[in-house]
Structures are given as structure tokens and as C-alpha cells.
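Everything on this sheet refers to the single structure shown next.
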Amino acid sequence: MAEITASMVKELRERTDAPMMDCKKALNEAGGDMAKAEEIIRVKFGSKASKAAGRIAAEGVVGIWISPDAKLGAIVEVNCETDFVAKNDDFLAFARNLAETVAKNNPADVEVLSGMNLGSATVEETRTQLVGKIGENMSIRRFVRCEAQGALASYVHGGSKIGVLIDLVGGDEALARDLAMHIAAAKPKALDASGVSAELIEAERRVATQKAAESGKPANIVEKMVEGSVQKFLKEVTLLNQPFVKDDKQTVEQVLKGKAASVASFTLYLVGEGIEKKKDDFVAEVMAQAGKA
């Protein structure tokens with residue numbers, strides 16, 4: 001069995017808000033598997049225990065560029081080692097310029113983007129020069145390019161650590177910005193249920209099944225409980241079904257209908273989402289240097 005360290009317990013607590021002892025027990029039960037331990041905690045404490053989806057696990061920024069006619073745009077995530085560099089003007093300009101390059105040149109992937117021109121040098125040459133100048137490694141993680149069906153709008157928050165690009169058909173600029181802010185706050189995973197991955201739904205179904213089984217109710221009731229939990233989850237994570245942040249008496253879908261508008265697509269980037277951030281164990285380091293580890 002894998003050794004359960006204090007840093008593992010701390011990380012699971014940060015993900016779930018569960019008590020430390022429960023986190024340690026879950027990790028022991030899961031054999032040190034963080035994802036499995038999180039599922040165990042969710043079964044015990046409920047779906048709201050997990051905060052992993054919104055947890056920022058690495059440094060960097062989101063860069064966004066939109067054409068003057070709001071018909072073409074792109075969003076890109078660029079990572080670095082420290083929050084200090086994420087605030088550097090040259091680093092921020094690099095992210096914005098990358099977004100413009102993506103929008104105008106439509107690269108297939110990060111490798112192709114790296115070979116494209118960014119001024120008088122390639123993207124990769126510019127990145128390398130910036131690493132040398134700033135003294136910290138940085139990488140281009142992901143991007144999305146969008147040709148709008150309607151008009152594009154954007155919103156960035158938290159020092160460019162949360163970024164939203166939205167394509168709104170109908171409505172106006174004020175509605176588009178309100179919706180982009182809603183997405184940044186509510187963090188939907190898809191526009192509607194059809195956009196939620198089967199893997200995510202299955203994970204939710206596993207948690208719901210374990211929780212329902214503990215109720216001791218008949219199998220047919222358990223089945224209904226599970227399906228109800230999954231449907232509740234889908235409403236919580238799909239944009240159209242979420243209560244609108246500026247008027248929670250209406251869903252986003254109802255707000256859109258009232259404005260004769262619709263959302264063609266949206267992209268939400270949380271800097272570092274899904275990346276494990278290195279945590280320095282200073283106690284262990286000191287002990288090792290003293291020859292006691």
C-alpha cells in the first residue's frame with residue numbers, strides 16, 4: 001500500500017473541505033489514489049464536498065483576443081512557475097499575442113502554433129527568449145479558436161486566471177458580458193446535458209449509486225434515487241439550467257428566451273485546472289539535508 005503522507009491528506013482536504021481524519025481514512029481505503037479517495041469522500045459527505053473543478057493548481061494566465069467585428073476570436077492558456085511571473089507585463093502580452101495568432105492563423109495544435117511567426121520570430125523562439133529574460137520556465141497549454149455564429153464577448157477574472165469566451169446569437173453586448181461573468185462564477189461544464197462527457201456522468205452515477213445503496217431502500221427505489229441524483233447534477237453543471245447569477249429566480253435559458261437570444265458556444269478556462277502543482281515539503285527537505293530522512 002502506498003504511504004499516506006501529510007501533504008496527500010492536506011491536498012485531499014483542500015479539494016473537498018472534509019475533516020483531516022476523514023481524508024486520511026479515505027486515502028488509506030483508496031490505497032493512496034487521490035481520485036478514488038475524493039469519490040469516497042463525496043459518497044460520505046455529498047456532491048458539494050468536491051471543489052477540485054474550480055481549484056487552481058498551477059500558475060499562469062488566460063489570454064483572449066477578439067476581432068473588432070466580434071466575429072473571430074481565440075482563448076489560450078499559458079502556464080508559468082510562479083504567480084509573480086503571471087503578473088509580468090511581457091508574459092501577459094505574450095499570452096494576448098498568442099490568442100491573436102491562434103485566431104488569425106488557425107493552428108491545428110500547440111506544436112503547429114509554436115512554429116508560427118509572432119512578429120520577427122517564431123512563437124517558440126519568442127517563448128525561449130522570454131524564458132531567458134524572465135528566468136522562469138513557461139509553456140503553452142491549450143487554446144480554442146472560434147468563428148462566431150453571432151457575436152463574441154469575453155470576461156477575465158482573478159488576474160486573468162479565469163477566462164471566458166462566449167458566442168452569443170441575438171441579445172446585446174450587455175447580455176453577452178453578463179453571461180460571460182455568470183460562466184466565470186458558476187463554472188458550467190457544458191451548454192446542456194448533451195455536452196457533458198460520458199465519463200463525468202458515469203463518475204457521478206458511481207457516487208450516487210454508492211450513496212443510495214447505503215440507504216437500505218428497495219432496489220427499484222435506489223434506481224430512482226440514482227437517476228434523480230444524476231439529473232440534479234446535470235442541471236447544476238449545464239449553463240442553460242443554472243440559475244442566472246444576476247437573477248436566481250430565472251434560469252439562464254429563461255433569460256435567453258426573454259431576450260430572444262441563444263448561446264452558440266462558450267469556452268471557460270481555469271488556469272492550471274487538472275494540473276498537479278508541485279508542493280515543497282520543507283520539513284522533509286531539512287531532514288534529508290541533516291541526514292535524518
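Every heavy atom of this structure was used, including side-chain atoms; hydrogens, water molecules and symmetry mates were not.
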Find out whether [X] and [Y] are in side-chain contact, i.e. whether some heavy atom of one side chain is under 4.5 Å from a heavy atom of the other.
X	Y	answer
Val102	Trp65	no
Leu168	Leu256	yes
Cys23	Val9	yes
Cys146	Thr267	no
Leu179	Val164	no
Tyr155	Ile183	no
Glu223	Val226	no
Lys189	Leu268	no

Donor-acceptor pairs are to be reported for all side-chain atoms of residues 105-116 against protein atoms at under 3.5 Å, with residues two or more places apart or in another chain.
{"unit_1": "Asn105", "atom_1": "ND2", "unit_2": "Thr101", "atom_2": "O", "d": "3.0"}
{"unit_1": "Asp109", "atom_1": "OD1", "unit_2": "Glu111", "atom_2": "N", "d": "3.2"}
{"unit_1": "Asp109", "atom_1": "OD1", "unit_2": "Val112", "atom_2": "N", "d": "2.8"}
{"unit_1": "Ser114", "atom_1": "OG", "unit_2": "Val110", "atom_2": "O", "d": "2.9"}

TODO: Check step by step if side-chain contact (heavy atoms from CB on, under 4.5 Å) holds for Glu124 and Thr128.
DONE: CA-CA 6 Å; Glu124 177 57 22; Thr128 302; 3.3 Å; yes
- [ ] Before giving the answer on salt bridge (charged side-chain N to carboxylate O under 4.0 Å, His left out), spell out for Glu227 and Lys224 the whole-Å C-alpha distance, their side-chain angles and the decisive distance to 0.1 Å.
- [x] CA-CA 5 Å; Glu227 189 57 31; Lys224 290 179 180 178; over 6 Å; no
- [ ] Apply ring pair (Phe, Tyr, Trp, His ring centres under 6.0 Å) to Phe91 and list each qualifying residue two or more places apart in sequence or on a separate chain.
- [x] none
In terms of hydrophobic clustering (I, L, V, M, F, W, Y; side-chain heavy atoms under 4.5 Å; direct or indirect links), are [X] and [Y] co-clustered?
X	Y	answer
Ile134	Leu98	yes
Met181	Val252	no
Ile162	Leu239	yes
Val61	Ile64	no
Leu165	Val76	no

TODO: Classify the side-chain pair Gln129/Glu125 by whether it contains a donor and acceptor separated by less than 3.5 Å.
DONE: no
Taking all non-hydrogen atoms of both residues into account, name the closest pair between [X] and [Y] and its distance.
X	Y	result
Leu175	Ala261	CD2-CB, 4.0 Å
Ala86	Gly60	CB-O, 3.7 Å
Gln254	Lys249	OE1-O, 4.1 Å

Open item on the list: Do the side chains of Glu39 and Lys36 get close enough for a salt bridge, i.e. N-O under 4.0 angstrom?
Closed with: no
Task: Carboxylate-amine/guanidinium contact Glu236 Lys232, below 4.0 Å - done: yes
Treating [X] as the side-chain partner and [Y] as the backbone partner, does any N or O pair qualify as donor plus acceptor under 3.5 Å?
X	Y	result
Arg145	Ala103	yes
His182	Phe244	no
Lys71	Leu152	no
Asn79	Glu59	yes
Glu77	Val62	no
Asp248	Pro243	no
Ser67	Leu72	yes

- [ ] Please test Leu234 against Gln231 for side-chain contact (heavy atoms from CB on, under 4.5 Å), starting from the C-alpha separation and ending with a verdict.
- [x] CA-CA 5 Å; Leu234 289 173; Gln231 292 305 313; 4.1 Å; yes
Task: Heavy-atom neighbours of Asp89 CG exceed 12 at 6.0 Å - done: no
TODO: Take atom CD of Gln250 as the centre, draw a 6.0 Å sphere, and report whether it contains more than 12 heavy atoms from other residues, nucleotides or ligands.
DONE: yes
Open item on the list: Quick one, Val123 with Ile140, criterion side-chain contact (heavy atoms from CB on, under 4.5 Å). Give me CA distance, side-chain angles, the key distance, then yes/no.
Closed with: CA-CA 10 Å; Val123 167; Ile140 305 164; 3.6 Å; yes
Open item on the list: Under 4.5 Å side-chain heavy-atom separation, chaining through any Ile, Leu, Val, Met, Phe, Trp or Tyr, what else clusters with Val169? Say none if it is isolated.
Closed with: none
Open item on the list: Among Val156, Leu270, Asp83, exactly one meets side chain to side chain contact (heavy atoms under 4.5 Å, CB included) together with Lys161. Which residue is that?
Closed with: Asp83
- [ ] Could you tell me the separation between the CD atom of Gln242 and the OG1 atom of Thr251, rounded to the nearest 0.5 Å?
- [x] 10.0 Å
